[in-house]
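Report on one structure; see the data block that follows.
Letters A, B, ... mirror the listed sequences (proteins, then strands); counts begin at 1.
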Protein chains: 2
Amino acid sequence: MTGRLKPRLAPRPLDPVVRRLRTLGPLSEAEQELLRTLSDRRERYTTGEELVPEGRVATKPRFIVSGWACRQRVLPDGRRQIFQFLLPGDGFGLPKKPSSPELAAVVALTAVETVDAEPALEAAQSGRAPGLARAFAGVQQLEQGLLLDHMVRLGRQTAYERVAHFLLELQRRLEIAGLGDSQRFPLPLTQEILADALGLSIVHVNRTLQQLRRERLIELRSGVAILLQPQLLSGISDFRTGGPHGGAPFRRVHTAEPA
Amino acid sequence: MTGRLKPRLAPRPLDPVVRRLRTLGPLSEAEQELLRTLSDRRERYTTGEELVPEGRVATKPRFIVSGWACRQRVLPDGRRQIFQFLLPGDGFGLPKKPSSPELAAVVALTAVETVDAEPALEAAQSGRAPGLARAFAGVQQLEQGLLLDHMVRLGRQTAYERVAHFLLELQRRLEIAGLGDSQRFPLPLTQEILADALGLSIVHVNRTLQQLRRERLIELRSGVAILLQPQLLSGISDFRTGGPHGGAPFRRVHTAEPA
DNA sequence: CGGGGGTTTGACGAACGTCAATCGGGGTGG
DNA sequence: CCACCCCGATTGACGTTCGTCAAACCCCCG
């Protein structure tokens with residue numbers, strides 16, 4: 001457990017959730033109030049605990065209010081693939097076919113606190129909270145996009161590009177969540193976790209990080225990451241802020257378009 | 001253009017769609033009839049054509065009634081990642097935030113025919129067709145599962161495992177669609193397309209296929225694949241039919257559970 | 001003063017990519 | 001009907017990236 005999340009006598013522990021959903025469309029006062037009321041049925045998990053086991057019937061929707069978690073699968077021989085990181089403000093188990101099996105486990109990567117999201121989801125689906133409904137739709141779209149980004153990393157980028165791209169993604173997400181600035185953010189992940197997310201070995205992650213450090217592109221100290229030259233990192237990894245994908249500086253030979 | 005899809009004076013060209021959705025829950029006669037009525041506004045594309053460009057605002061929902069397509073992204077230097085194959089009976093552009101940009105392009109891999117899915121989607125969302133609504137929810141869940149499977153392949157499986165796992169996935173999907181049997185199915189894909197889906201080079205795909213052939217696990221001839229020993233392939237690639245994931249024959253050292 | 005988890009390093013090997021040439025089959029124009 | 005052509009499949013030689021093994025190191029804590 002790196003990360004050092006202080007219990008922090010938070011004035012408004014649900015802020016990350018409100019903040020997150022507001023980036024996806026305006027929320028009425030009532031809707032924001034509803035979100036802040038979710039504090040009931042708070043649950044706490046410690047590092048390594050499973051919030052949702054894989055394969056069982058779908059669980060209730062919840063928001064993460066503090067700590068980091070991930071969605072993952074583990075192969076029978078122990079290999080693990082992390083699909084997605086869940087940060088404060090993120091939800092899981094949100095929109096799903098009722099009695100379907102979970103497609104991936106959700107596991108706490110640090111100490112984690114969650115709250116019940118059911119009331120918010122219900123309000124959205126019943127039409128009583130159109131702002132929330134739009135926000136949830138936006139969340140789903142965004143998450144889908146993150147999954148595809150991750151897939152590109154795994155399938156078509158080098159270790160170097162993967163790490164750079166991934167760090168940029170985290171920076172952006174954490175800044176939106178109000179947990180980091182344009183360069184600096186908490187990174188409570190071991191290199192093993194990074195490896196399992198990025199499809200690399202621990203050793204290779206280590207060497208790649210060191211290369212980025214040597215080149216003065218990043219700094220990593222005690223659970224905090226600093227992107228010294230975000231611009232360069234973006235160039236290296238073809239990171240796009242969210243606009244239309246696919247500029248075309250130059251082009252490979254072997255993928256000829258038929259038309 | 002391999003694949004040899006005959007125009008086929010189909011008695012009921014929408015069968016794949018009906019068949020596909022029925023596997024996800026019962027459909028009333030009226031609902032099936034609605035699906036068969038979609039024949040209007042049929043569209044045709046040839047190999048390589050873009051059905052949906054990336055980044056533009058979301059398009060109308062459509063079903064594929066014949067031919068193969070894929071969802072993909074292309075990096076500025078020409079590297080390509082294919083996320084998903086769309087087979088007859090599959091839809092695209094189905095459930096989405098209205099005015100959001102497309103996250104990936106949809107491209108025809110063979111000659112392709114599509115029909116407008118809007119009426120079906122509307123009927124489902126309006127509550128007039130609960131069976132269809134359940135089916136669409138199921139589709140989305142299934143597709144999400146396929147994406148995660150694909151991610152595991154890319155991140156944590158060897159070339160050999162990836163190819164085996166991928167062929168098993170296609171076999172199952174095509175059998176469900178009524179386009180193949182338990183061993184044999186059409187495979188109108190070049191090795192370049194396979195490479196871009198599986199995150200490998202063309203050459204390595206070729207060698208991997210040959211290894212599988214040498215070992216008498218598969219056969220490939222003129223656009224048709226035959227899985228000679230599906231059981232063995234499943235074992236090799238940890239392919240699961242859809243039940244709960246994660247049996248545990250043996251286990252690696254380095255991923256120790258904290259608990 | 002130990003101990004344990006995480007990080008770092010070196011040496012080595014295997015998997016995979018690149019380059020380039022060849023092959024093979026189906027389509028096409030003569 | 002046949003020669004030619006083009007695209008995709010195949011093969012060999014070689015280079016690089018990345019994984020594995022194992023040891024050392026570091027730091028925080030008990």
Residue list, ring pair (Phe, Tyr, Trp, His ring centres under 6.0 Å) with [X], at least two apart or on another chain:
X	answer
A:F166	A:F85
B:H165	B:F239
A:Y45	none

How would you list, by chain and number, every residue that makes a salt bridge (Lys or Arg N to Asp or Glu O under 4.0 Å) with [X], sequence neighbours excluded?
X	value
A:R221	A:E219
B:R162	none
A:R207	none
A:E143	none

(request) Would you please name every residue forming a side-chain hydrogen bond (donor to acceptor under 3.5 Å, both in side chains) with A:R213, sequence neighbours left out? (result)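 Listed in chain order: nothing, the list is empty.
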(request) With axes from five pairs an end, tell me the bend angle of the helix from C:dC1-D:dG30 to C:dG30-D:dC1, nearest 10°. (result)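 The end axes of the helix from C:dC1-D:dG30 to C:dG30-D:dC1 are about 30° apart, to the nearest 10°.
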(request) Would you mind reading off the distance between B:L209 atom CG and D:dG8 atom P, rounded to a whole angstrom? (result)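 Result: 16 Å.
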(request) Indicate yes or no: at least one non-hydrogen side-chain atom of A:N206 is less than 4.5 angstrom from one of A:V203. (result)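 Answer no - side chains too far apart.
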Sort me out a list of protein N/O and nucleotides 21-25 of chain C N/O pairs below 3.5 Å, or just none if empty.
none

For nucleotides 14-17 of chain C, tabulate all protein N/O to nucleotide N/O atom pairs closer than 3.5 Å, reporting atom names and distance.
residue : atom : partner : partner atom : Å
C:dC16  : OP1  : B:A159  : N            : 3.0
C:dC16  : OP2  : B:H204  : NE2          : 3.2
C:dC16  : O5'  : B:H204  : NE2          : 3.4
C:dG17  : OP1  : B:S201  : N            : 3.2
C:dG17  : OP2  : B:S201  : N            : 3.0
C:dG17  : OP2  : B:S201  : OG           : 3.0

(request) Among residues two or more places apart or on two chains, list those pairs meeting ring-ring contact (aromatic ring centres under 6.0 Å, His included) that have a residue in residues 175-215 of chain A. (result)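 Those involving residues 175-215 of chain A do not exist here.
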